[in-house]
There are 2 protein chains.
Amino acid sequence: MGTMSELLNSRVKAKSLVDTVTERLEAAIISGELAPGSRLSEQRLAISFGVSRGPLREAIRRLEGRQLLQRTANIGVHVTKLSWRDLTDLMLVREALEGMACRLAAEMMNPAELAELDQLLAEHGQLQDVQTGTGYYQQTRDFDFHFKIVTASRNERLIQMLCADMYDLLRIYRYRSSTFGGRAKAAYEEHRMILEALRSRDPDLSETAMRAHIRNSRLHIVKRLEELEASGNSQPAL
Amino acid sequence: MGTMSELLNSRVKAKSLVDTVTERLEAAIISGELAPGSRLSEQRLAISFGVSRGPLREAIRRLEGRQLLQRTANIGVHVTKLSWRDLTDLMLVREALEGMACRLAAEMMNPAELAELDQLLAEHGQLQDVQTGTGYYQQTRDFDFHFKIVTASRNERLIQMLCADMYDLLRIYRYRSSTFGGRAKAAYEEHRMILEALRSRDPDLSETAMRAHIRNSRLHIVKRLEELEASGNSQPAL
DNA sequence: TATTGTAGGACTGTCAACAGTTGACGTGCC
DNA sequence: GGCACGTCAACTGTTGACAGTCCTACAATA
């Protein structure tokens, strides 16, 4: 990994217009620049991206296949609107997949990867918001931890599903809500337990720990949503 | 479910050319009409489908987003070639997801659905190939059973992932190998155990039973593959 | 006032043509 | 004979234009 040969072997990126448009569009969706549920006009988007409608349409089709966009015939495309129900559904899927990933990682992880995780957690532990327990435990950091574990599973399909598709969808929420906050300390402790399970190379324990962690996160979200709803804030539907 | 209102509310399907082409293309891939790994020419395909290249390209992009096709710039599109490793990777993902689905189903299933499952298994049990234990336990029947359980989970995301994406990919193998055969009786018994777990509404037991079932199936596949390889049949890489 | 019919505009769906790239074949030189 | 180079055909990438559809607004009618 990371050797010179990779630089030599790596092909010059012959990125087509469609590829760049896809990336740009995806970024716009994830960042919230294109609001969920909003309709987007092919013509206007094509002009603003500086490309013709053809490549744009093909980029749209690709994201349509990835469920980020939805098209209704003769009407147009809409940015997929995720309800709160969708979020909890998604978290259940994530619990299952990442539990499996953690199980596999327990068997596949090499010492170097374990050390990386250890250092990552050490850094997290010294952060102010984690120590006080009130902060938000920045999602980026959270994703870092999970990302490393998933990658260690060595299951390409699993990695693709979680790191590419799933995290993208979850990221959408980050910009829309503070749903994830207020659990920094607990999350950190759970991360530590997961690491310990991995270090002991116990598949069952590793899976259990990871699933408990994600389940807690989900339950926390549900609780926050109920509070939100009780306070009259009639669910902004994301 | 299944009420009149659905018929009234359901929009008339205004299927675009792209939609029909997508379906046709998908079917061709799943059925093996388009061999895995084979390159497909846009021009020829467009002519054989009787459409222009535009819609065809958009259909390709969609399947590309669903990982059924892969495109390399300026070279062309290839039907995704799944290695045996990919198959086992896929089965691990399926084990995780369907375990979760079965867990949820244990809580959500209504008596009618349980009765349906019961009848389905009763029919299976009377089939010749199941009784002798040597038959193939037709995948269609197997899928029927799993399909019903997954649907009962009431988790739209899970249903989409398993019933649409995952089963499609797995179906590819059906036409290429007899890998799944020779486990009819065992599979049937496992199905019965799953049903019993569901009937007792025990989430943990239900998940465990389903995961064991899929894990056994995976191990069986691995064993068959090893036999195949030992017999000099140097993995046709599907 | 509520409903129906109609015209206009904007947009999507589709197609045909052009430009750029790739891979293969054949030629010439060592 | 083998290797390098140049040419060519086929294909992909992209564009612009045309046809068909839907939505909106407004007018007419009961």
Side-chain angles (χ1 to χ4, degrees), chain A residues 8-26 28-29 33-81, chain B residues 8-26 28-29 33-81:
Chain A
L8 292 173
N9 289 339
S10 68
R11 296 177 62 98
V12 179
K13 46 187 167 187
K15 256 198 287 194
S16 68
L17 247 188
V18 179
D19 288 328
T20 48
V21 170
T22 304
E23 285 178 20
R24 176 84 184 79
L25 198 54
E26 189 185 344
I29 294 170
E33 191 179 335
L34 260 50
S38 66
R39 195 171 90 80
L40 37 90
S41 155
E42 290 182 357
Q43 230 161 15
R44 264 193 288 269
L45 255 189
I47 292 172
S48 87
F49 281 177
V51 298
S52 177
R53 274 183 57 219
L56 177 71
R57 279 176 64 94
E58 292 183 20
I60 289 175
R61 293 296 188 185
R62 244 207 285 199
L63 295 183
E64 197 183 343
R66 284 180 48 192
Q67 311 261 314
L68 274 149
L69 293 176
Q70 285 175 320
R71 166 167 244 136
T72 30
N74 289 317
I75 293 194
V77 301
H78 293 259
V79 179
T80 300
K81 189 173 182 174
Chain B
L8 292 173
N9 289 339
S10 68
R11 297 179 63 100
V12 179
K13 46 187 168 189
K15 256 199 285 195
S16 68
L17 244 189
V18 180
D19 288 328
T20 47
V21 170
T22 305
E23 284 178 21
R24 176 82 184 79
L25 198 54
E26 189 185 343
I29 293 171
E33 190 179 335
L34 260 48
S38 66
R39 197 171 89 81
L40 36 90
S41 152
E42 290 182 359
Q43 228 161 21
R44 265 193 289 267
L45 255 189
I47 292 171
S48 88
F49 282 177
V51 298
S52 176
R53 273 181 58 216
L56 176 71
R57 279 176 64 95
E58 292 183 21
I60 289 174
R61 293 296 187 184
R62 249 208 283 202
L63 295 183
E64 196 184 343
R66 284 180 49 192
Q67 312 261 312
L68 274 150
L69 292 176
Q70 285 174 322
R71 167 167 242 133
T72 30
N74 290 317
I75 294 195
V77 300
H78 293 259
V79 179
T80 300
K81 188 173 182 174

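Just so we're on the same page: letters track the sequence lines, and every chain starts at 1.
Looking at every heavy atom in both residues, A:Val18 comes nearest to A:Ala59 through CG1-N, 3.9 Å.
Rounding to whole angstrom units, CZ of residue B:Arg61 and P of C:dT14 are separated by 17 Å. Spacing between atom CG of B:Asn74 and atom P of D:dA10 amounts to 18 Å, rounded to whole angstrom units. Put simply, CD1 on B:Ile60 is 8 Å from P on D:dT12, counting in whole angstrom units. Rounded to whole Å, the distance from NE2 on B:His78 to C1' on D:dT12 is 12 Å.
In the set D:dT15, C:dG23, D:dT12, D:dT15 carries the atom at the smallest distance from any side-chain atom of A:Leu17.
Listed by chain and residue number, nothing satisfies the side chain to side chain donor-acceptor pair (under 3.5 Å) test with B:Arg39 (two or more places apart in sequence, or in another chain). With sequence neighbours left out, B:Arg66 forms a salt bridge (charged side-chain N to carboxylate O under 4.0 Å, His left out) with B:Glu26, B:Asp165, B:Asp168. Residues meeting the side chain to side chain donor-acceptor pair (under 3.5 Å) test with A:Gln70, sequence neighbours left out: none. A search for side chain to side chain contact (heavy atoms under 4.5 Å, CB included) contacts involving A:Val77 returns A:Leu40, A:Ile60, A:Arg71, not counting sequence neighbours.
When the side-chain nitrogen and oxygen atoms of A:Arg57 are compared with OP1 and OP2 of C:dT12, none of them lie within a distance under 4.0 Å.
The closest side-chain heavy-atom distance from A:Glu58 to B:Glu64 is not below 4.5 Å.
Note on the helix from C:dT1-D:dA30 to C:dC30-D:dG1: angle between the axes of the first and last five pairs equals 10°, rounded to 10 degrees.
The CG atom of A:Leu17 lies 13.5 Å from the CZ atom of A:Arg24; values are rounded to the nearest 0.5 Å.
For the contact set between residues 37-55 of chain A and DNA chain C, defined by any heavy atom under 4.0 Å, the members are A:Arg39, A:Leu40, A:Ser41, A:Glu42, A:Gln43, A:Arg44, A:Arg53.
For the side chain to side chain contact (heavy atoms under 4.5 Å, CB included) with B:Leu45, the lone residue among B:Val51, B:Leu25, B:Val21 that qualifies is B:Leu25.
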